[in-house]
J.: 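Have a look at this one before I ask anything.
Excluded from the calculations below are hydrogen atoms, water molecules and symmetry mates; all remaining heavy atoms, backbone and side chain alike, are included. Residue numbers begin at 1 in each chain, while the letters A, B, ... track the order of the sequences.
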There are 2 protein chains.
Amino acid sequence: MDAHLRELRYFVATAEESTVTAAAARLFVSQPALSKQLRALERRLGFDLFERLPRGLTLTSQGSVLLPVAREVLAAWDRGYAEARAAAHPNQLVVGMQTAVGRDLQRPAVERFRATLPGWTVSLRLVGWDDPTAGLADGTSDVAFVWLPISADFATRVLITEPRWVALPAHHPLADRPSVPFELLLDEPFVALPATAGPLRDFWLAVDARPGPPVVAAEATAADEVLELVTAGVGIALLAEGNTGLYQRPGLVCRPVPDLPPAELAVAWRRTDNRDAVRAFLDSVQP
Amino acid sequence: MDAHLRELRYFVATAEESTVTAAAARLFVSQPALSKQLRALERRLGFDLFERLPRGLTLTSQGSVLLPVAREVLAAWDRGYAEARAAAHPNQLVVGMQTAVGRDLQRPAVERFRATLPGWTVSLRLVGWDDPTAGLADGTSDVAFVWLPISADFATRVLITEPRWVALPAHHPLADRPSVPFELLLDEPFVALPATAGPLRDFWLAVDARPGPPVVAAEATAADEVLELVTAGVGIALLAEGNTGLYQRPGLVCRPVPDLPPAELAVAWRRTDNRDAVRAFLDSVQP
DNA sequence: CGCATCCATAACCAACGGTTATACCAACAG
DNA sequence: CTGTTGGTATAACCGTTGGTTATGGATGCG
């Protein structure tokens, strides 16, 4: 009985969410599609993986046997695929970045890295915000500069902690104040990260600091897009203090939001990735 | 990048055969189908697995990284799938048999096993010769009585060594002789096991004892089929001495073939299967 | 009861995985 | 040089699969 690895991912996600609907949302497929896939998998396996209860699913005994196997298979494949891709560019370390980091972080890091491992080359990769792991998840990056929070599959080391500011169109009524308490922004329409960004989207909408759900006026997958939309008056957006200087433009003003917890910029890597080059790069970032 | 486990089997088989054509034959698909699948896999992976040479293929560096991973993934899945199936029938041991064993082997074995593990039940499963592992390979059996040779994935213990005989239609010119040297059978049409039986098919055609290829008149997947075909005069067939009594019928005669190496009947199990129940059954077969 | 939640089915469509037939290419024999 | 052999890739075709939206149906709850 051969399965598609996609089916195993479906199985694992559904077991973790314990409802088809929630798992389907997480997997970005429709609920019927997932339902059908699981049924088909069970039919081909010859036994049920889940028991259907009125409120969600539970694993059958066979399902609980197969769940760790599915996890193991997927982990082995993901690791192996990343390894194979790395084999194409031996002695090359790919550094992913969600947004131009600035702050004079990566330049000295790359220099120190080159000094430690002379045979190696470093390539920088700019990734949109639709992938909050900046390529770590799909193996297209080896290390990455990311904003927290990030999935627990990755290890991180915080580099910088910065207050969050808000970007407003110059003509906005709040633009006159020297600083803006978040309370005044509760009902403002926001420019948000795409849904694929997961918890990171919530962080930059500051959902933890809200009594209700945010108003999302638009989505954007890159910093320029966001600021374009803000300048146009479509919505407003939070950003890190260090980025306010980076993205200055006419028609746009940035103000601190003093009562929000700060943002954390970190360097991240795959928890299972123990290569010397990765370790060396980490040491180079913060010597 | 998610792959189908079938694609990984295709990849492994092709790497082992090192030509698409040979691998396609082994996998029982057409050569273009396999070629297309491999191409599609490479396209989705983003790198080539093979280098195409005028005479067959060799692995690229990425292919050689991915090959052991693919093997590992497939092994993990096959093992897990078998475990999950076993979870449906806890405390049940499935004994596969290629053909009714007779020889008073399995009856006392089952009795002794029941005595050692009282909580367990034993179920006997009769499997056609199209699966020379009698269900071990696909996990539908836990232990099996099989004729050697068998794939090295399985451990075996030889139980009985028996001379090979030949089954002939009663009117056959050689039927008058008390014994038949194999040399006289070289040009006779044979009833063979199906191609899926692999090396076992060759063994019962005695290809090792031939200067050229055998003449195959028909294929059969069960003992009765074979003897039916032999009685009808379609072809002749080799069989183990102990089976000559089992399958006596009018119009059929069996004669020893003294110059062939004997056949070996063994009990087999999955090399990786260390369960107590399996060990207990093995001890019960030959105390 | 009426409503919300969640799974399954139906109907439909694009993409996939297989088939056979055939083109193509490199090596080799005559 | 040319025909043959041994191999891979492409073309055309077709049933199945995997996805979509719309809808039905069961269950628990205010």
J.: Roughly, in whole Å, what's the span from CG in B:Leu38 to C1' in C:dG18?
T.: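 Distance, rounded to whole Å: 14 Å.
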
J.: From CD of A:Glu51 over to P of D:dT27, roughly how many Å is that when rounded to an integer?
T.: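 Computing the A:Glu51:CD to D:dT27:P distance gives 14 Å.
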
J.: Rounded to whole angstrom units, what separation is found between the NE2 atom of A:His4 and the C1' atom of C:dA15?
T.: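 Result: 13 Å.
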
J.: By the 4.0 Å heavy-atom rule, please label B:Tyr10 as base, sugar-phosphate, or nothing.
T.: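 Counting heavy atoms under 4.0 Å across all strands, the contact made by B:Tyr10 is with sugar-phosphate only.
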
J.: To the nearest angstrom, how far is B:Arg44 atom CZ from C:dG17 atom P?
T.: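 To the nearest whole Å, that distance equals 7 Å.
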
J.: Could you tell me how far apart A:Phe50 (CZ) and C:dC6 (C1') are, to the nearest whole angstrom?
T.: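 Result: 15 Å.
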
J.: Can a donor-acceptor pair be found, under 3.5 Å and without considering hydrogens, that links the side chain of A:Tyr81 to the backbone of B:Leu45?
T.: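 Flag set: sc A:Tyr81 to bb B:Leu45 pair under 3.5 Å.
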
J.: For B:Arg43 and C:dC16, give me the distance from atom CZ to atom C1', rounded to whole Å.
T.: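 Atom-to-atom, B:Arg43 to C:dC16, this comes out as 11 Å.
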
J.: Has A:Arg39 got its NZ or CZ under 6.0 Å from the middle of the six-membered ring of A:Phe50, at an angle within 45 degrees of the ring axis?
T.: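 Not satisfied by the 6.0 Å and 45° rule.
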
J.: Expressed as a whole number of angstroms, how long is the span from B:Arg6:CZ to C:dC16:P?
T.: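 Taking atom P of C:dC16 as the reference, CZ of B:Arg6 is at 12 Å.
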
J.: Salt-bridge test for A:Glu183 and A:Arg210: reply yes if a basic N is under 4.0 Å from a carboxylate O, no otherwise.
T.: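 Not counted as a salt bridge, because no side-chain N and carboxylate O are separated by less than 4.0 Å.
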
J.: What about A:Trp129 and A:Trp204, are their ring centers closer than 6.0 Å?
T.: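 Between A:Trp204 and A:Trp129, which both carry aromatic rings, the centre distance is not below 6.0 Å.
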
J.: Where the side chain of A:Glu7 meets the backbone of A:His4, is there a donor-acceptor pair that is under 3.5 Å apart?
T.: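 At least one qualifying donor-acceptor pair exists.
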
J.: Any carboxylate oxygen within less than 4.0 angstrom of a Lys/Arg side-chain nitrogen, looking at A:Arg275 and A:Glu83?
T.: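 Between A:Glu83 and A:Arg275 there is no salt bridge, as every charged N stays at least 4.0 Å from the carboxylate O atoms.
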
J.: Each nucleotide N or O in nucleotides 7-13 of chain C that has a protein N or O under 3.5 Å away: list the pair and distance.
T.:
{"unit_1": "C:dC7", "atom_1": "OP1", "unit_2": "A:Val20", "atom_2": "N", "d": "2.7"}
{"unit_1": "C:dC7", "atom_1": "OP2", "unit_2": "A:Val20", "atom_2": "N", "d": "3.4"}
{"unit_1": "C:dC7", "atom_1": "OP2", "unit_2": "A:Thr21", "atom_2": "N", "d": "2.8"}
{"unit_1": "C:dC7", "atom_1": "OP2", "unit_2": "A:Thr21", "atom_2": "OG1", "d": "2.3"}
{"unit_1": "C:dA8", "atom_1": "OP1", "unit_2": "A:Arg39", "atom_2": "NE", "d": "3.3"}
{"unit_1": "C:dA8", "atom_1": "OP1", "unit_2": "A:Arg39", "atom_2": "NH2", "d": "2.7"}
{"unit_1": "C:dA8", "atom_1": "OP1", "unit_2": "A:Arg52", "atom_2": "NE", "d": "2.7"}
{"unit_1": "C:dA8", "atom_1": "OP2", "unit_2": "A:Ser35", "atom_2": "OG", "d": "2.6"}
{"unit_1": "C:dA8", "atom_1": "N7", "unit_2": "A:Gln31", "atom_2": "NE2", "d": "3.0"}
{"unit_1": "C:dA8", "atom_1": "N6", "unit_2": "A:Gln31", "atom_2": "OE1", "d": "3.2"}

J.: In whole angstroms, how far is the P atom of D:dG18 from the CG atom of A:Leu27?
T.: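 Result: 15 Å.
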
